[in-house]
Every structure is written in C-alpha cells, then in structure tokens.
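Encoded as structure tokens, the structure appears first; notes follow it.
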Amino acid sequence: MSAEFPIARPRRLRRTTAIRRLVAETRLSPADLVLPMFVKEGISEAQPLVSMPGVVQHTPDTLRKAAHEAVEAGVGGLILFGIPAVKDGRGSAADDPAGIVQKALRDLSADLGDSTVIMSDLCLDEYTDHGHCGLLTSAGEVDNDATLERYASIAVAQAAAGADVVAPSGMMDGQVRAIRTALDRAGYSGVAILAYSVKYASAFYGPFREAAECAPQFGDRSAYQQDPANADESIREVLHDLDEGADMVMVKPAGSYLDIVRRVRDTVDVPVAAYQVSGEYAMVEAAAAQGWVDRDRVILESLTSIRRAGADIVLTYWATEVARGL
Ligand code: PBG
C-alpha cells in the first residue's frame with residue numbers, strides 16, 4: 001500500500017443522510033422542549049411583540065389554544081409568565097389567587113391535566129411597578145430576605161392554581177429553600193422546583209422586557225444576576241440550589257453560555273435545563289427576515305448545540321414549531 005493515502009476515513013460516516021442520522025450523537029426531540037408563554041390581563045386580543053416576531057402576549061383564551069397546539073406537537077412542557085393589569089411596589093398581583101397567572105394555571109391544568117408539564121416562572125419583576133425582581137429597601141436596593149417571603153407566598157399561590165413545577169428566576173440567595181419550605185408546609189410536596197440557578201445579567205433579555213413589560217425603572221439587575229465574566233460561581237450557585245432542594249437546575253441564557261451548560265452537566269446528576277432567551281430568538285428572526293441566514297437551519301443548529309453542550313431540557317420560543325417539524 002502506498003503511504004500517501006490515509007487509512008482513517010472519517011468521511012465514510014458522513015456520506016449519506018442515513019448514515020449521518022445513524023451515527024448522530026445528539027438528537028432533538030419534542031419532549032425535551034419547553035415553550036415559554038406570556039399571558040396578559042385585560043386585553044381582548046393577543047398582542048404581537050415587535051421585538052419577537054411570531055411571539056405574542058396571550059389573552060387567557062388564546063393561551064389555551066396555543067397551549068393545546070404545543071401539547072399536540074409533543075412539547076415536553078410549558079412555562080408561563082403573567083403580565084398583570086396593575087403593578088405596585090410589592091407585586092401584589094403575583095400571589096393573588098385571582099391574578100392572571102393563577103387564572104391561566106387553573107385553565108391549563110383543567111384543559112391539559114397531566115398530558116404535559118405546566119410550569120410557572122416565579123419572580124416579581126413582571127408584577128412590580130419598579131421592575132425589579134424583589135422588594136426594595138428605602139435606599140432602593142433589592143431586599144433579599146424580605147423578597148424571600150414574597151416568593152414563598154407566590155409559590156404556594158401557583159401550586160394551588162395547578163403548577164406542576166415552579167421556576168424561581170429572581171436570583172435571591174436562599175430562594176429555593178424558602179420556596180421548598182413553603183410548598184411543603186402548605187401540602188404541595190409534590191410540586192417540583194426548576195431553579196434558574198445560573199442566571200447571568202444579560203443583554204440578551206432585551207426583547208423579553210417588552211414581552212413581559214418588566215424593564216427596571218432604574219438601575220439594572222447586576223447586583224443580583226451573575227457577571228458574564230464568571231464561570232466558577234455558576235457551580236457554587238448550582239450546588240447551593242441543590243442543597244436547598246432544587247429538583248432541576250437551569251442555565252440562562254443558553255447560546256453564549258454553552259461552556260457553563262457543559263460544566264453544570266458534568267457536575268450534577270439532576271436534569272439540566274437551558275433557556276434560549278428572547279435576544280437569541282430575536283437575532284435569528286431579524287437576520288432571517290433580511291435573508292442573511294437560513295432560518296430553519298440556524299434554529300435547529302442552535303438547539304442541537306445547546307443539547308450537545310449537555311442540556312437535557314431546552315426552553316425555546318420556537319418549541320411548537322420545532323416539535324412539529326421533528
Ligand atoms: C425574570 C425573567 C427574565 C427572563 C425570564 N425570567 C428577565 C430578566 O431577568 O430580566 C428572560 C427571558 C428571555 O429573555 O427570554 N422574571
């Protein structure tokens with residue numbers, strides 16, 4: 001044999017679609033995808049979001065329909081965000097049994113039962129008039145421990161309304177323990193916690209602030225969300241949350257933090273979720289609308305990469321569409 005020809009020929013396993021499919025290491029399946037949904041109080045028609053083409057703020061009725069479609073498509077779960085008609089300093093609507101998310105949770109659990117996993121984002125920023133994720137001190141700082149009491153109460157209200165999983169996203173220290181304790185005391189020991197353990201202070205949340213009408217009225221979230229420069233503290237956050245009783249952990253955003261997804265996956269033995277956030281969605285939609293990228297391929301590549309990095313569960317605004325296509 002002449003030495004100039006290679007012996008190893010990796011290209012053999014790339015030759016046809018069928019062989020590539022056979023040897024693929026990562027697969028996307030509908031059951032791994034979770035659809036984030038916005039429901040707004042006091043509107044009579046769904047409102048399109050300018051910065052997230054294809055995503056809307058739902059009325060309770062359009063929410064039910066879209067949730068049904070997502071479940072038909074096979075998505076693994078839904079996560080709800082509520083936008084109340086009235087906001088105040090303590091986010092009173094967040095734990096009001098008549099509040100918009102509680103109503104939506106009751107509707108969806110009546111409609112869908114156990115055919116999907118109904119999750120609820122648990123935070124205050126959509127409900128406070130100042131837009132911060134917690135209560136403020138008189139000096140205008142987010143008061144960690146006072147906020148924990150609010151989160152505990154919201155968790156119980158969401159569980160009572162039918163949430164299977166609550167997902168605290170406010171990055172207060174001790175939030176998972178406070179929520180777990182409150183749920184157990186109220187008789188909801190079966191309600192799971194998906195902790196947004198690793199949540200960076202990210203500019204990729206820009207369009208979400210339009211969707212959830214929750215841009216901070218002053219300052220930013222850097223005093224409670226993580227610095228994008230840091231990786232080690234993500235592991236500390238995850239370990240604290242597991243110690244406090246988290247059942248699953250999340251990394252957010254996803255695309256720019258795949259190294260963190262991988263480190264978390266290699267460190268823990270619980271399901272790991274990653275959230276492909278509003279800015280990740282908006283950038284692809286914007287570029288695709290210009291004809292600058294192939295929309296469908298970019299969507300699948302981005303989701304496959306998040307799974308390849310180690311996420312078991314991916315939250316994505318494309319969940320229904322992608323689930324239908326798989
Ligand atoms: C806070 C929350 C945010 C997102 C999910 N939960 C916004 C923030 O922290 O400012 C962002 C989601 C997205 O950008 O898609 N309740």
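Ligands are counted one by one from 1 in listed order, and the atoms in each one are counted from 1 as well. Bear in mind the structure is a predicted one, so any value in this text is a computation, not a measurement.
Those atoms of ligand 1 that come under 4.0 Å of a heavy atom in K252, given as number and element, are 2 (C), 3 (C), 4 (C), 5 (C), 6 (N), 11 (C), 12 (C). Atoms of ligand 1 lying under 4.0 Å from any heavy atom of D121, numbered from 1 in the order shown and given with element: 6 (N), 16 (N). Close approach to K199 involves these atoms of ligand 1, each under 4.0 Å from a residue heavy atom: 1 (C), 2 (C), 3 (C), 6 (N), 8 (C), 9 (O). When each atom of ligand 1 is checked for a heavy atom of Y317 under 4.0 Å away, the hits are 12 (C), 13 (C), 15 (O). Taking a cut-off of under 4.0 Å to the non-hydrogen atoms of Q225, the atoms of ligand 1 that pass are 8 (C), 9 (O). Each of the atoms 1 (C), 16 (N) of ligand 1 lies under 4.0 Å from some heavy atom of D125. Here is the list of ligand 1 atoms found below 4.0 Å of a heavy atom in C123: 16 (N).
Counting heavy atoms closer than 4.0 Å to ligand 1, residue F81 contributes side-chain atoms (C-beta onward) but none from N, CA, C or O.
S234 and Y200 share a side-chain donor-acceptor pair at under 3.5 Å. Between the side chains of S51 and E210, at least one donor N or O lies within less than 3.5 Å of an accepting N or O.
Using bins of under 30°, 30° to 60° and over 60° for the plane-to-plane angle, the ring pair Y281/W318 lands in the tilted bin.
The shortest separation from a heavy atom of Y275 to ligand 1 is under 4.0 Å, placing the residue in contact. At a 4.0 Å cut-off, at least one heavy atom of R209 sits close enough to ligand 1 to count as contact.
Here the side chain of R64 pairs no donor or acceptor atom with the backbone of D111 at under 3.5 angstrom.
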| said: Would F208 and F38 count as a ring-ring contact (aromatic ring centres under 6.0 Å, His included) here? Give the steps. | reply: CA-CA 10 Å; F208 177 92; F38 303 103; 5.6 Å; yes

| message | Is there a side chain to side chain donor-acceptor pair (under 3.5 Å) between N144 and Y224? Walk through the geometry before answering. | response | CA-CA 9 Å; N144 193 88; Y224 42 104; over 6 Å; no

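The protein atom (non-hydrogen) at minimum distance from atom 12 (C) of ligand 1 is F208 CD1, 3.2 Å. Residue, atom and distance of the protein heavy atom nearest to atom 14 (O) of ligand 1 are S278 OG, 2.7 Å.
The heavy-atom pair separating A211 from L49 by the smallest distance is CB-CD1, 3.4 Å.
Cation-pi geometry between K252 and F204 is not met: the NZ or CZ atom fails to fall both under 6.0 Å from the ring centre and inside 45° of the normal.
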